[in-house]
Amino acid sequence: QVQLVESGGGLVQAGGSLRLSCAASGRTANIYSMGWFRQAPGKEREFVAQIGWSSDVTYYVDAVKDRFAISRDNAKNTVYLQMNSLKPEDTAVYYCNAHIILPTYDYWGQGTQVTVSS
């Protein structure tokens with residue numbers, strides 16, 4: 001099992017920045033990749049960004065490219081999401097995800113609220 005604990009959410013004005021953190025514990029050696037998803041009120045959860053656990057390959061949804069940056073610190077088993085130039089439409093609960101392969105499984109954190117005021 002893998003446990004994920006997010007932190008760093010909060011309230012920020014449009015144009016501001018926040019950094020989310022996600023600390024993984026447990027069977028972290030089985031992690032293939034980690035990422036961030038978000039869910040706004042009344043909407044489905046959507047993919048935001050992903051990074052390989054043992055590679056530097058990253059993926060982003062078009063809406064956050066050039067504004068958000070995902071990174072990791074394997075020594076701390078922690079993944080970060082640096083969010084710059086925040087917009088009101090970025091308001092959502094952000095969830096950390098750990099993707100396991102063989103067998104395929106996804107672990108989720110409890111979520112952290114990000115609110116961007118206009």
Side-chain angles (χ1 to χ4, degrees):
Q1 290 229 356
V2 175
Q3 294 78 41
L4 304 173
V5 178
E6 301 115 330
S7 60
L11 173 64
V12 64
Q13 288 188 332
S17 299
L18 283 173
R19 189 176 82 155
L20 305 182
S21 299
C22 175
S25 60
R27 293 181 176 268
T28 58
N30 294 344
I31 296 175
Y32 176 76
S33 65
M34 290 189 68
W36 291 92
F37 289 68
R38 64 187 181 185
Q39 187 167 18
K43 295 187 177 181
E44 294 187 352
R45 189 174 298 188
E46 67 170 354
F47 168 79
V48 176
Q50 181 184 48
I51 187 168
W53 195 239
S54 58
S55 73
D56 291 329
V57 177
T58 58
Y59 299 97
Y60 297 91
V61 66
D62 286 346
V64 307
K65 281 181 180 177
D66 301 324
R67 298 190 298 122
F68 290 11
I70 188 170
S71 62
R72 70 176 191 282
D73 183 336
N74 288 83
K76 296 182 179 180
N77 287 334
T78 299
V79 171
Y80 304 96
L81 185 67
Q82 179 66 43
M83 305 185 294
N84 300 324
S85 302
L86 283 161
K87 304 176 181 179
E89 50 263 43
D90 294 318
T91 294
V93 177
Y94 283 70
Y95 295 92
C96 179
N97 166 269
H99 184 65
I100 312 298
I101 58 172
L102 302 175
T104 298
Y105 193 78
D106 285 288
Y107 291 95
W108 297 93
Q110 80 285 357
T112 185
Q113 177 71 46
V114 171
T115 303
V116 184
S117 62
S118 58

Separation of [Y] [atom2] from [X] [atom1] (nearest 0.5 Å):
X: Trp53; Y: Ile100; atom1: CH2; atom2: CD1; answer: 9.5 Å
X: Arg67; Y: Met83; atom1: CZ; atom2: CE; answer: 9.5 Å
X: Thr78; Y: Leu4; atom1: OG1; atom2: CG; answer: 10.5 Å
X: Asn97; Y: Glu6; atom1: CG; atom2: CD; answer: 10.0 Å
X: His99; Y: Gln50; atom1: NE2; atom2: CD; answer: 7.5 Å
X: Ser118; Y: Lys87; atom1: OG; atom2: NZ; answer: 14.0 Å

Using only atom types and a distance under 3.5 Å, with no angle test, would you say the side chain of [X] pairs donor to acceptor with the backbone of [Y]?
X: Arg19; Y: Gly8; value: no
X: Thr28; Y: Ser25; value: no
X: Thr112; Y: Gly9; value: yes
X: Arg72; Y: Ser55; value: yes
X: Thr58; Y: Ile51; value: no

Closest non-hydrogen atom pair, [X] against [Y]:
X: Gln3; Y: Gln1; result: NE2-CB, 3.6 Å
X: Val2; Y: Arg27; result: CG2-O, 3.5 Å
X: Ile70; Y: Gly35; result: CD1-CA, 4.1 Å
X: Val5; Y: Gln110; result: CA-OE1, 3.9 Å
X: Gly109; Y: Tyr95; result: O-CD2, 3.7 Å
X: Cys22; Y: Met34; result: SG-CE, 3.8 Å

In one Ile/Leu/Val/Met/Phe/Trp/Tyr side-chain cluster, 4.5 Å: Val57, Leu81 =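 Looking at the clustering, Leu81 is in the same group as Val57.
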
Does Val61 share a hydrophobic cluster with Leu20, counting links as ILVMFWY side-chain heavy atoms below 4.5 Å and allowing steps through other members?
->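 Shared cluster, yes.
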
Take a 6.0 Å sphere around [atom1] of [X] and say whether it holds more than 12 heavy atoms from other residues, nucleotides or ligands.
X: Tyr32; atom1: OH; value: no
X: Glu44; atom1: CD; value: no
X: Phe47; atom1: CZ; value: yes

Parallel, tilted or perpendicular, as decided by the 30° and 60° cut-offs, for the rings of Phe68 and Tyr94 |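 If you compare the ring of Tyr94 with that of Phe68, the planes turn out tilted.
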
Please confirm whether Arg45 makes a cation-pi placement over Phe37, using NZ or CZ under 6.0 Å from the six-membered ring centre and within 45° of the ring normal.
->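 Because its charged atom misses either the 6.0 Å distance or the 45° angle limit, Arg45 does not stack over Phe37.
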
Would Lys65 and Asp62 pass as an ion pair if we require N to O under 4.0 Å?
->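 Between Asp62 and Lys65 there is a salt bridge, with a charged N closer than 4.0 Å to a carboxylate O.
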
